[in-house]
Protein chains: 2
Amino acid sequence: MNLLLFTDGDRSGPAEITVSDQRLQHLRQVHRAAVGDSVRVGEIDGLMGEGRIVSLDSQRATITFQLDSPPPAKLPVTLLVALPRPKMLRRILRSAAEFGVEQLVLFNSYRVEKSFWQTPVLAEDTMRDYLLQGLEQARDTIVPAVTLERRFKPFVEDRLPALLAERRGLLAHPLPGASAAPTDTDTPLLLAIGPEGGFIPYEVDMLQAAGLETVSLGPRILRVENAVTALLGRLLPVD
Amino acid sequence: MNLLLFTDGDRSGPAEITVSDQRLQHLRQVHRAAVGDSVRVGEIDGLMGEGRIVSLDSQRATITFQLDSPPPAKLPVTLLVALPRPKMLRRILRSAAEFGVEQLVLFNSYRVEKSFWQTPVLAEDTMRDYLLQGLEQARDTIVPAVTLERRFKPFVEDRLPALLAERRGLLAHPLPGASAAPTDTDTPLLLAIGPEGGFIPYEVDMLQAAGLETVSLGPRILRVENAVTALLGRLLPVD
């Protein structure tokens with residue numbers, strides 16, 4: 001936890017929060033924090049700044065703070081990922097928030113197992129917990145939007161065109177003639193990544209017809225989570 | 001498993017293998033394979049090719065094959081990672097093999113917990129299992145070399161210089177003035193990545209004195225495993 005995130009509900013004063021949940025445990029057990037220590041804090045969907053622990057016991061911690069810095073810029077990326085198995089979904093939620101993706105769309109595809117849609121990870125509160133873990137890691141406060149698309153065809157035909165407005169659409173799929181996955185970050189992108197086993201030809205055709213260009217990450221077949229972080233890593237604003 | 005890897009010990013004929021371990025389970029349960037099916041096979045540290053299942057029951061599968069294609073080129077990268085906690089170590093071993101890293105060095109650093117060096121994951125056979133999982137995923141046969149360096153100072157002073165011969169050495173560490181993490185793949189690289197919490201200043205000084213330049217992945221603090229795959233993703237030979 002590189003940033004302690006809070007909401008209005010945590011406020012015990014205009015510039016003070018009191019926490020008693022897993023954030024308290026983390027302060028005590030991982031940071032081995034003490035009264036007087038400083039800690040980076042951020043208001044969810046707001047500013048970040050420096051906090052100071054003014055009281056701390058086994059029941060609660062009270063932290064005063066001054067918020068003065070904006071969160072880092074988001075990557076101008078809408079990420080589309082075919083719903084992965086739950087273990088991988090948790091990591092992709094965290095990573096999407098960590099790399100600063102603006103929006104994540106989890107969609108159905110022929111090779112997505114039906115049971116994946118039943119996982120409790122998809123509960124709104126649970127997804128939010130994983131997204132917050134990514135924000136805490138990367139020191140960001142803006143929660144990415146997550147959308148679930150349980151039917152491929154209506155999604156691609158009816159809602160994908162609006163997502164593609166003002167964005168270059170890319171499909172990570174190793175077709176002959178695919179161009180290199182990009183490394184610039186100036187162009188807003190929509191990046192689509194298939195399931196383990198890949199998209200079926202019908203899906204590739206539909207996504208291409210919607211305007212997505214195929215791009216390649218080279219000859220190696222990467223695990224879905226590694227394709228996600230490799231693609232996003234290429235786009236990080238490093239200068 | 002996108003590639004069934006085998007060794008000489010699996011051969012039941014000059015161009016035939018018989019397997020009865022978890023590879024058999026995977027063929028039956030995941031691939032739902034049947035006699036006559038084709039399957040990609042590769043000899044560890046050798047060539048790859050097409051195999052055909054000639055017999056299959058609950059006890060064993062026999063596969064005939066023709067090996068005709070070399071594995072994909074390795075990334076010209078020696079990856080140095082401060083030993084992470086075991087869960088992350090498993091993923092980093094898999095990912096290093098998957099992205100095609102030539103050599104992985106796991107080294108000690110001030111912020112590496114001593115208990116991490118006790119994990120059974122570091123047993124040679126166990127590490128090899130995770131490396132093979134990465135090779136099976138990416139369709140590669142060449143097992144990366146893994147070296148353990150349990151003491152930082154002797155490693156940096158005595159053995160790092162030889163690793164750096166003919167390589168550009170980079171230290172992923174967010175110092176002011178760090179240049180962008182590279183995206184070219186022509187230059188052989190040595191990439192050093194610190195522990196959770198980062199290198200301490202003494203370590204940064206020593207690594208810089210050994211000739212490593214600091215590079216940055218931008219303002220976000222990435223989890224170690226994501227820093228690894230982001231850095232390697234930037235280097236993938238996509239053209």
Side-chain angles (χ1 to χ4, degrees), chain A residues 1-3 30-31 40 69-75 87-88 91-92 94-100 133-140 172 174 178-185 196-198 215-239, chain B residues 1-3 30-31 40 69-75 87-88 91-92 94-100 133-140 172 174 178-185 196-198 215-239:
Chain A
M1 187 172 68
N2 298 311
L3 181 71
V30 181
H31 291 251
R40 296 282 300 173
S69 46
K74 284 289 180 195
L75 277 191
K87 199 171 157 185
M88 199 177 278
R91 290 208 288 270
I92 286 174
R94 274 200 299 247
S95 295
E98 188 175 316
F99 281 84
Q133 288 176 21
L135 297 179
E136 287 170 350
Q137 169 68 35
R139 287 199 180 140
D140 188 358
S179 53
T183 53
D184 70 294
T185 48
E196 277 186 274
V215 293
S216 163
L217 280 170
R220 291 172 181 274
I221 307 169
L222 300 180
R223 221 172 293 269
V224 170
E225 63 195 291
N226 281 344
V228 167
T229 54
L231 283 162
L232 296 177
R234 298 171 70 83
L235 298 171
L236 287 172
V238 292
D239 292 318
Chain B
M1 185 171 71
N2 297 310
L3 181 70
V30 181
H31 291 250
R40 296 282 300 173
S69 46
K74 286 288 180 195
L75 277 190
K87 199 172 157 184
M88 198 177 277
R91 289 208 287 271
I92 286 175
R94 273 200 299 247
S95 295
E98 188 176 317
F99 281 84
Q133 287 176 23
L135 297 180
E136 287 170 350
Q137 169 68 38
R139 289 200 179 138
D140 188 358
S179 53
T183 53
D184 70 295
T185 47
E196 277 186 273
V215 293
S216 163
L217 280 170
R220 292 172 180 275
I221 307 169
L222 300 179
R223 221 172 293 268
V224 172
E225 63 196 290
N226 281 344
V228 167
T229 54
L231 283 162
L232 296 178
R234 298 172 70 83
L235 298 171
L236 287 173
V238 291
D239 292 318

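In what follows, chains carry the letters A, B, and so on, assigned in the order in which the sequence lines appear, proteins first and then strands, with residues in each chain numbered from 1. It should be emphasised that the depicted structure is a prediction, and the values quoted were computed from it without experimental measurement.
Smallest separation of non-hydrogen atoms from A/Ala180 and B/Val238: CB-CG2, 3.1 Å. Between A/Gly233 and B/Ala230, the shortest heavy-atom contact is CA-CB, 3.7 Å.
No donor-acceptor contact under 3.5 angstrom links the side chains of A/Asn226 and B/Thr229, judged on distance only.
With a threshold of 4.5 angstrom between heavy atoms, A/Ser95 approaches chain B through its backbone and through its side chain. Of the two parts of B/Ala178, neither the backbone nor the side chain holds a non-hydrogen atom closer than 4.5 Å to a non-hydrogen atom of chain A. If you measure heavy-atom distances from A/Ala227 to chain B, you find no contacts under 4.5 Å at all. Interface residue B/Leu217: backbone and side-chain heavy atoms are both found under 4.5 Å from chain A.
The only member of A/Glu225, A/Glu98, A/Glu136 that meets salt bridge (charged side-chain N to carboxylate O under 4.0 Å, His left out) when paired with B/Arg223 is A/Glu98.
In this structure A/Arg139 satisfies the salt bridge (Lys or Arg N to Asp or Glu O under 4.0 Å) test with no other residue, sequence neighbours excluded. Looking at residues two or more places apart in sequence or on another chain, you find no salt bridge (Lys or Arg N to Asp or Glu O under 4.0 Å) involving A/Arg234.
One finds the OG1 atom of A/Thr183 at 12.0 Å from the CG atom of B/Leu236 (value rounded to the nearest 0.5 Å). Here the straight-line distance linking atom CG of A/Asn2 with atom CG of B/Leu222 works out to 10.5 Å at 0.5 Å rounding.
Ranked by heavy-atom pairs under 4.5 Å with chain B, the list A/Gly100, A/Gly197, A/Ala181 is led by A/Gly100.
Shown here is B/Lys74, whose NZ atom has more than 12 heavy atoms of other residues, nucleotides or ligands within 6.0 Å.
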